[in-house]
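In what follows, residues are counted from 1 in the order of the sequence shown. Remember, it's a predicted structure, so these values are computed and weren't measured experimentally.
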Amino acid sequence: FCVNGDVLSTTEIDAITKLFCSDTVGNDDRIFSDPDDENAKALYVKKSENLCFVPVDDAWYDPIRKLSE
């Protein structure tokens, strides 16, 4: 996920980042499903208790960009 810094303020971006990286989101079974529940419907399977969203900066995507060079 990414945000458009030309449209959102630093305060808004910080609030979105804080929410996405929170335990509330990390433990939401609508986002991260239980790997043992074959009927679960979520965006991701929570294969580890450590699976969650983490903040990254733009440079984190550089290896992906280099694939197209």
Which residues satisfy the side-chain contact (heavy atoms from CB on, under 4.5 Å) test with S9, sequence neighbours excluded? T11, E12
For a quick test of reading the model, state the closest non-hydrogen atom pair linking L19 to V25 and the distance between them. O-CG2, 3.1 Å
Qualifying residues under side-chain contact (heavy atoms from CB on, under 4.5 Å), relative to P55, sequence neighbours excluded: T17, C21
Among residues two or more places apart or on two chains, list those pairs meeting side chain to side chain donor-acceptor pair (under 3.5 Å) that have a residue in residues 58-69. D58-R65, D62-R65
Between CG of N27 and CD of E49, what distance do you get to the nearest 0.5 Å? 7.0 Å
Separation of I31 CD1 from L51 CG (nearest 0.5 Å): 11.0 Å
Measure the acute angle between the ring planes of F53 and F1, then classify it against the limits of 30° and 60° as parallel, tilted or perpendicular. perpendicular
Does anything in residues 30-45 pair up under side chain to side chain donor-acceptor pair (under 3.5 Å), and if so which pairs, sequence neighbours excluded? D28-R30
side-chain contact (heavy atoms from CB on, under 4.5 Å) against N4, all qualifying residues, sequence neighbours excluded: D6, V7
May I ask you to test the F32-V45 pair for a side-chain heavy-atom distance under 4.5 Å? no
